[in-house]
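When reading the values below, keep in mind they use all heavy atoms of this one structure, side chains included, and skip hydrogens, waters and symmetry mates.
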Amino acid sequence: MPSPNDHLLIRGVTALTVDEHLGDLEGADIEVRDGSIAAIGPGLDAPGAQVIDATGMIAIPGFVDSHWHLWGTLLRGVIGDGPQNGWFARKGKLAPYFTADDTHLGVRLAAAEGIAAGVTTVHDWAHNVLGPEHADADLRALRELGLRAHYSYGAPSAHPSISAEEMRRLMGDRGKGFDEAMDFADVKRLRDEYAADPLISIGVNVRGPARSAREVYRAEFAAARDLGLPLAMHCAGTRAEVERIHQVALLDSDGLLGPDLLLAHCLHLPEADLVRVAEHGIPITVSPLSELRLAMGLPPLLRLREAGVRASLSLDTTAIAASADPFQAMRVALGLANTEAGDAEAITPREILRTATLEGAHALGLAGVTGSLTPGKRADIVLIRTDRLNLAPVADPAVAVVHSAQPADVDTVLVDGRVLKREGRLTGVDEAELAARAGQALRELCERAGFAWPSL
């Protein structure tokens, strides 16, 4: 992981702070000391600081992605569309054959792409933990790259195309069945191991009533809460799921709803369930790029806001979303919401930027740490160039960031005061080597699973 820069001064930037008291600051300086934002404002005096000249650039808080299956990025090259070739079918065939090295490489690829695009905090929703070695490999990749992360430990993904005998061969005693509670002894090990890590926190992602038996999800909720860990769960992503089961209502009847739960998607929540979510202070993360590609539905940002539910943005998995592009995710979410409302200003660029930053931090319990350019918070900062053809000329910086910016416009990325990208290049990653390794690993994975490359 890159070493921290003890004292930096970002000079002459237009800062979209996403801080309700500071607002937007033109011609501002940002002083970073010991990994935190020490001060922000014009004409700061910071003797001895290393200066980053950001004249003509826009500073924003780093994006906070609140729902990303990082490991699955390794599958991006073989994900098509439809029930035979799409994410669920290909994942079901290939995920059981992931080695720990595959997990490490998938997470490393996703994290590097995320950093390059301005993502500084990620909810690493690990829903294919085949054993402790896979969890360790995932977290090792996060540490190597220096990304701030909330890691949610989960059971292996459902693999309907794999026989029970084959799973036992691949996983030994761990392959005896999917409809069992996950390994909470290992979850506790990770909680204890990372308790003092300033960049990584531990949680649990559960399958819930739609994907596990009642005794299983009740046991997983209880075990997570006994360990004091937050929970995450997919919910109401399709009409078919809601027609089959109302997860929120079932969890409510079992007394399992609470503000320590994060729900993903919730595109088709019945009104009564939405009321329950709001009453229990449960945040929701939506993933517009993957939800559209899978024809799941439209992210209900306005409906959530009207109900008093906090909403954040996420990429879900870049095997579906195609690339790590939080700018595109903001544009799409904003456009869909405003089109549905018939009002081009129902959600503004500044509001969607907050959704992609501070609201993500709230969803992960990190709002006191990151999500806005506020003195005292950690220095998770993104600098965006404005001298590119796709951005110039800039009048309103928020409009430029949301409607025009692309990952290639990200000049500099700081996480916890560490410079992870500078002058458009990642500081700790050989991009060509990483891409080549990913391609080779995917070919070998397909061979182990018995499927020809590239057609599965």
With a 4.5 Å limit on heavy-atom distance, are the side chains of [X] and [Y] in contact?
X	Y	answer
Val401	Ile384	yes
Leu256	Arg225	yes
Val119	Val382	no
Leu74	Phe98	yes
Val64	Ser312	no
Thr120	Ile115	no
His69	Asp316	yes
Leu292	Leu336	yes

Without swapping roles, check the side chain of [X] against the backbone of [Y] for a donor-acceptor pair under 3.5 Å.
X	Y	answer
Thr17	Leu22	no
Arg76	Ile320	no
His268	Ala240	no
Glu220	Val206	no
Arg310	Ile284	no
Ser212	Pro209	no
Asn390	Ser404	yes
Glu291	Ser287	yes
Glu193	Lys188	no
Ser36	Ala38	no

With rounding to the nearest 0.5 Å, note down the distance linking [atom1] in [X] to [atom2] in [Y].
X	Y	atom1	atom2	result
Thr121	Leu147	OG1	CG	7.0 Å
His127	Tyr153	NE2	OH	14.5 Å
Ile40	Ser372	CD1	OG	9.5 Å
Asp24	Arg350	CG	CZ	4.5 Å
Leu142	Asp124	CG	CG	5.0 Å
Asp343	Asn338	CG	CG	6.5 Å

Taking all heavy atoms of [X] and all of [Y], pick out the closest pair and write down the distance.
X	Y	result
Val248	Cys235	CG2-SG, 3.8 Å
Ala356	Leu313	CB-CD1, 4.1 Å
Asp186	Pro132	OD2-CA, 3.3 Å
Gly208	Gln247	C-OE1, 3.6 Å
Pro156	Leu130	CB-CD2, 3.8 Å
Trp68	Gly114	CH2-CA, 3.9 Å

Pair [X], [Y]: side-chain N/O donor-acceptor within cut-off below 3.5 Å:
X	Y	answer
Asp102	Tyr97	no
Ser314	Thr285	yes
His150	Ser201	yes

Under a 4.0 Å N-O cut-off, is there an ion pair linking [X] with [Y]?
X	Y	answer
Glu31	Arg33	yes
Arg189	Asp136	yes
Arg305	Glu351	yes
Glu20	Arg354	no
Arg378	Asp380	no
Lys421	Asp411	no
Asp19	Lys377	no
Glu241	Arg211	yes
Glu271	Arg303	yes

Chi angles and distances behind the salt bridge (charged side-chain N to carboxylate O under 4.0 Å, His left out) call for Arg239, Glu243: CA-CA 6 Å; Arg239 293 190 186 279; Glu243 290 170 357; over 6 Å; no

From CA spacing to verdict: side chain to side chain contact (heavy atoms under 4.5 Å, CB included), Arg148, Val122: CA-CA 6 Å; Arg148 189 181 305 282; Val122 64; over 6 Å; no

Candidate pair His67 and His265, rule ring-ring contact (aromatic ring centres under 6.0 Å, His included), full reasoning: CA-CA 10 Å; His67 164 224; His265 302 307; 5.1 Å; yes

Full working for side chain to side chain contact (heavy atoms under 4.5 Å, CB included) between Arg207 and Met233: CA-CA 6 Å; Arg207 290 157 289 181; Met233 189 187 83; over 6 Å; no

Chi angles and distances behind the side chain to side chain contact (heavy atoms under 4.5 Å, CB included) call for Arg276, Ile282: CA-CA 9 Å; Arg276 292 183 176 101; Ile282 299 170; over 6 Å; no

Ring-ring centroid check Tyr151 Tyr194, cutoff 6.0 Å: no

Pair His134 + Trp71: ring centers closer than 6.0 Å: no

Intermediate values then yes/no, side chain to side chain contact (heavy atoms under 4.5 Å, CB included), Leu445 and Leu75: CA-CA 9 Å; Leu445 172 64; Leu75 300 177; 3.7 Å; yes

